[in-house]
S.K.: 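Once you've had a glance at the structure underneath, I'll fire off some questions.
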Amino acid sequence: MIAQIKRSRRLRRKIKNIKKISLTALLGGLVTISVIMTLTLMVISSYTSQKQSLIDNTLSLNYASAVQMSQTLDSLFYSMQESLKYAANYFPDMDHSNTKELNSTLDLVRNSSNFFNSVSLVNKAGVVRSTSPYSEASVGHHVSSNAAKEAVKLRTSYISEAYQTPRTKRRIVFVSEPIFDSAGDYQGTIGGNIFLQENNILSLSFGSQLKTSNGSYFFIVDKKGTLLFHPNTNRIGENVSKNEVVQKLLLNKNGKEQYKNLAGVDSLAGYYKVPSTGWGVVIVSPTQTVYDQLNHHIRMLLLYTSVPFLILTLIVVRVARKLASPFAMLADLVNQVDKGQVDLPVMKPHWNREADLLTRAVVGALANFRKQTNQLVYDARTDVLTGMNNRRTFEEVIQEWIQDEAPFSIIVLDIDRFKSINDTFGHHAGDEVLKHIANIIQLSVRPEDVCARFGGEEFVVLLRNSESNVAFEIAERIRITVEESVLPIDRSVTISAGIAEYPKHSTTSTELFHLADNALYQAKEEGRNRTVTIQSVIK
C-alpha cells in the first residue's frame with residue numbers, strides 16, 4: 001500500500017515537471033502546419049490540373065499537325081502525278097530512235113521539279129527507252145521491278161507500295177503515268193522513283209520537322225505498316241504493324257491517344273491517313289517532355305513560394321496571439337485562390353506592422369504563383385521568336401469565327417527563298433528577318449485582326465468583317481513594305497501571299513486555309529513577290 005502511494009506521488013511530480021506548451025507555440029505550430037498543408041495542396045492541385053492540360057494540348061497539337069502533314073502529302077502526290085501527266089504529252093510525237101533527244105527531254109522532266117530522284121521512260125513492251133540520270137545498265141532492257149511491270153500492265157495512273165529494287169537494293173516508291181498517242185493508242189509509261197533512304201522530296205519537304213528539341217518526331221508508314229519515313233533512316237523498311245497507333249491506321253482510323261511504343265516509351269501521338277496513298281502519318285511526343293515542363297513549373301512555384309512562406313512561419317511564431325485572426329484570413333485566401341474562386345485583393349495597410357508584412361508576403365507569393373500559371377498559358381499560345389500568336393491560337397480563333405458565322409478573310413504569307421537567307425547569313429540573321437517581318441505584319445492590320453506565325457517562314461492573318469478585295473490591299477501593303485524596308489541583312493527580301501474568304505470560298509477552316517495556301521503556291525509559281533486571291537473553288 002505504501003509502495004503504491006510512493007509511485008503515485010512520483011508520477012504526479014513527473015507530470016508537474018513536464019514543460020507545458022505555450023499558446024504562442026501552439027498557435028504558431030498550428031499555423032505552420034496549416035501553411036505547409038496549404039502549400040502541399042496547392043502544389044498537388046496545380047500538378048494534377050496542369051498535367052492533364054499539357055497532355056491534352058500536346059495530343060491536340062500532334063493531331064492537328066498530323067492532319068496538316070497528311071494534307072500536304074496528298075497535295076504533293078497529286079502534284080507529282082500532274083507533273084508526270086504533263087510530261088507524258090512530250091513523248092508520243094517524239095522520235096524514240098533519237099536517243100540523245102529522249103535523254104535530254106527526260107533530264108528536263110526530272111530537273112524541272114524536285115519530285116523524283118530518277119525518272120524513266122518505258123515503252124509498251126516494258127523495255128526501258130531512257131532514264132534520268134542515265135543508266136546504261138537499264139536502257140534497252142526490260143523493267144525488272146514488279147512495280148514497273150504493274151504500271152505497264154495497268155496502263156493508268158499508278159503509285160506503288162514501297163519496295164526494294166532487285167539490283168541496287170534501294171527502297172523505292174514508284175509513281176507513273178501512261179503515255180497515249182493522238183489516236184489514243186498506248187505507247188508506254190513515264191515513271192518517277194523516290195529513294196526513301198536518300199535525299200528525296202519527303203526529306204526536302206519535312207526534314208526540318210523530323211525531330212524537335214523537345215524530343216517530338218514524326219514517321220510515315222504504308223498500308224502494311226512498313227516505315228517509309230523516320231528520323232532514323234536505318235529503320236526505313238522496318239515493319240511496325242504491332243505498334244498500337246499503326247494498328248489503328250491499318251484499320252483506317254484517325255485520332256490521338258497516349259500509348260507505349262514498341263520500345264516501351266510512353267508517348268503522346270496524333271495520327272491521320274493520307275487519302276491518295278493510304279499511308280499513315282504519326283506525330284509523336286514522349287510523355288516525359290510533358291512531365292519535364294510540369295516539374296519545371298512546380299520547381300519555380302516552390303522557389304517563389306518557399307521564402308515568403310518561411311518568413312510567414314517565423315513571424316507567426318513570434319506574434320501568434322495577435323495575428324491569429326490574420327492567419328486564418330490568409331489561410332482561407334490561399335485555399336480560395338488555389339480553387340480559383342477569388343481574385344487577389346488590393347492590399348490595404350494593416351494596423352499591425354508584422355501582420356502587414358506577413359499579409360503582403362503571402363499575397364506576393366500567390367501573385368507569383370498566378371504569374372507562373374499565366375506564363376504557361378501565354379507560352380502555349382504565343383510564338384517564342386516573334387511574339388505573335390502561334391498556330392494553336394490561330395486555329396482556335398478561326399474555329400470561333402466560323403462558329404459565330406462572322407465573315408472574314410485569311411491571308412497566308414511566306415518569305416520567298418528563306419532557306420537561302422539561312423544558308424547565306426546564318427539562322428540568327430534568319431530569325432532577325434522573321435521578327436522584322438512579323439513586326440511589319442502586326443503594324444499593318446487593325447487591333448481586332450489576328451496575326452500568327454504558322455510555322456517556319458509562314459505567317460497567317462485573319463481579317464474580321466473584311467472581304468477578299470480589302471485583304472488583297474492589306475496583303476499588298478505588307479508585301480511592298482517588306483520589299484522596301486531596311487532589313488538586318490545586306491539583301492532585299494520579298495514575300496508572297498495567298499488569300500481566301502469565308503464564307504465565299506469555303507465554310508470550313510481546313511479547306512479555307514488550304515485554298516489560301518493554294519493561292520500562295522500559285523503566287524510562288526508565277527514568280528514570287530506577289531499576292532494572289534483564290535479565284536475558283538470546286539464545290
Side-chain angles (χ1 to χ4, degrees), residues 73 75-205 222 228 236-237 276-277 279 525:
L73 274 172
S75 300
L76 190 61
F77 274 96
Y78 174 79
S79 299
M80 290 181 191
Q81 291 178 310
E82 289 299 307
S83 174
L84 291 176
K85 284 181 183 177
Y86 182 77
N89 296 325
Y90 284 103
F91 295 99
D93 301 324
M94 189 177 294
D95 182 5
H96 284 208
S97 63
N98 189 338
T99 305
K100 183 176 180 181
E101 185 180 3
L102 279 180
N103 294 343
S104 176
T105 304
L106 212 59
D107 283 339
L108 179 62
V109 171
R110 181 175 66 89
N111 294 326
S112 63
S113 71
N114 54 9
F115 289 148
F116 306 109
N117 295 94
S118 69
V119 180
S120 59
L121 179 67
V122 180
N123 66 17
K124 61 184 178 182
V127 177
V128 179
R129 301 297 304 161
S130 179
T131 64
S132 177
Y134 184 78
S135 172
E136 188 174 350
S138 299
V139 174
H141 299 280
H142 282 83
V143 292
S144 57
S145 69
N146 291 330
K149 292 177 182 178
E150 184 71 10
V152 173
K153 177 182 177 182
L154 290 176
R155 301 185 177 186
T156 186
S157 299
Y158 178 70
I159 301 175
S160 76
E161 297 286 346
Y163 68 95
Q164 191 175 52
T165 58
R167 187 168 60 84
T168 63
K169 303 303 180 182
R170 282 170 163 157
R171 292 202 172 272
I172 285 178
V173 171
F174 180 68
V175 183
S176 70
E177 287 292 331
I179 301 173
F180 296 96
D181 61 18
S182 57
D185 294 328
Y186 177 67
Q187 299 296 311
T189 63
I190 180 171
N193 293 309
I194 303 171
F195 300 158
L196 295 177
Q197 290 173 300
E198 301 176 24
N199 290 331
N200 56 62
I201 185 61
L202 299 180
S203 60
L204 181 64
S205 301
D222 65 10
L228 303 177
I236 293 176
S276 60
T277 61
W279 295 357
E525 288 291 303

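We number each residue from 1, following the sequence as shown.
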S.K.: Give, for atom CZ of Phe91 and atom CG of Leu102, the distance between the pair rounded to the nearest 0.5 Å.
M.R.: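 Nearest 0.5 Å value for the CZ-CG distance: 7.0 Å.
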S.K.: Distance from Glu161 atom CD to Asn146 atom CG, nearest 0.5 Å?
M.R.: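 One finds 12.5 Å between CD of Glu161 and CG of Asn146.
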S.K.: Sub-3.5 Å donor-acceptor pair from the side chain of Ser83 to the main-chain atoms of Ser79, do we have one?
M.R.: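 Looks like no, no N/O pair under 3.5 Å.
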S.K.: Less than 4.5 Å apart, side chain to side chain, heavy atoms only: is that true for Ser145 and Tyr163?
M.R.: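 Yes; the side chains approach each other to less than 4.5 Å.
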S.K.: Is it true that, when you exclude Tyr86 itself, more than 12 heavy atoms of the residues, nucleotides or ligands shown sit nearer than 6.0 Å to its OH?
M.R.: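 Not more than 12 within 6.0 Å, no.
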S.K.: So, taking the atom named CG in Asp107 and the one named OG in Ser112, what distance separates them when rounded to the nearest 0.5 Å?
M.R.: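 Here the rounded value is 10.5 Å.
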S.K.: If we ignore hydrogens and angles and just use 3.5 Å, is the side chain of Thr105 paired with the main-chain N or O of Glu101 as donor and acceptor?
M.R.: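 Yes; judged by distance alone, with no hydrogens or angles, the pair exists.
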S.K.: Quick one: are Val139 and Asn103 in side-chain contact, heavy atoms under 4.5 Å?
M.R.: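 The answer is no, as the side chains (C-beta and beyond) never meet within the 4.5 Å cut-off.
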S.K.: For atom CG of Asn199, is the number of surrounding heavy atoms from other residues, nucleotides or ligands below 6.0 Å larger than 12?
M.R.: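 It does not: Asn199 CG has 12 such atoms or fewer within range.
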S.K.: Using atom types as modelled and distance alone, determine if a side-chain donor or acceptor of Thr131 lies under 3.5 Å from a backbone N or O of Pro133.
M.R.: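 Confirmed, Thr131 side chain pairs with Pro133 backbone.
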S.K.: Hey, what do you get for CD1 (Ile179) to CG (Asn89), rounding to the nearest 0.5 Å?
M.R.: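 Result: 9.5 Å between the selected atoms.
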S.K.: Roughly how far, to the nearest 0.5 Å, is CD of Gln81 from CZ of Phe115?
M.R.: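 Phe115 CZ to Gln81 CD: 11.0 Å, rounded to 0.5 Å.
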S.K.: Which heavy atom in Arg110 sits nearest to a heavy atom in Phe116, and how many Å separate them?
M.R.: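 So the minimum-distance heavy-atom pair works out to CG-O, 4.1 Å.
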S.K.: If you measure from NE2 on His142 to NZ on Lys149, what distance do you get to the nearest 0.5 Å?
M.R.: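 Result: 9.5 Å between the selected atoms.
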S.K.: Just so I know, are the side chains of Asn117 and Arg170 near enough to count as touching, which here means a heavy-atom distance under 4.5 Å?
M.R.: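 They are not in contact (no side-chain heavy atoms under 4.5 Å apart), so the answer is no.
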S.K.: Looking only at heavy atoms, what is the nearest atom pair of Ser157 and Lys85, with distance?
M.R.: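 For Ser157 versus Lys85, the nearest heavy atoms are OG-CE, 3.9 Å.
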S.K.: Is the shortest heavy-atom distance from the side chain of Trp279 to the side chain of Val173 under 4.5 Å?
M.R.: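 Counting from C-beta outward, Trp279 and Val173 do come under 4.5 Å.
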S.K.: How about OH on Tyr186, more than 12 heavy atoms from neighbouring residues, nucleotides or ligands closer than 6.0 Å, or not?
M.R.: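 Buried by this count: over 12 neighbours within 6.0 Å.
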S.K.: Do you know which two heavy atoms are closest between Val128 and Val143, and how far apart they sit?
M.R.: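 For Val128 and Val143, the tightest heavy-atom pair comes out as CG2-CG1, 3.7 Å.
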S.K.: Specify the closest pair of heavy atoms between Tyr158 and Ala147, including all atoms of both residues, with the distance to one decimal.
M.R.: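 Heavy-atom minimum between the residues: CE2-O, 3.4 Å.
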S.K.: Is there a side-chain contact between Thr189 and Leu84, using heavy atoms and a 4.5 Å cut-off?
M.R.: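 No, too far: nothing below the 4.5 Å cut-off.
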S.K.: Leu196 and Ile236: which non-hydrogen atoms are nearest, and at how many Å?
M.R.: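 Smallest heavy-atom distance, with atoms named: O-CD1, 3.3 Å.
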S.K.: Taking the side chain as every heavy atom from C-beta outward, state whether Phe180 and Asp185 have any pair of such atoms under 4.5 Å apart.
M.R.: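 No; the side chains remain at least 4.5 Å from each other.
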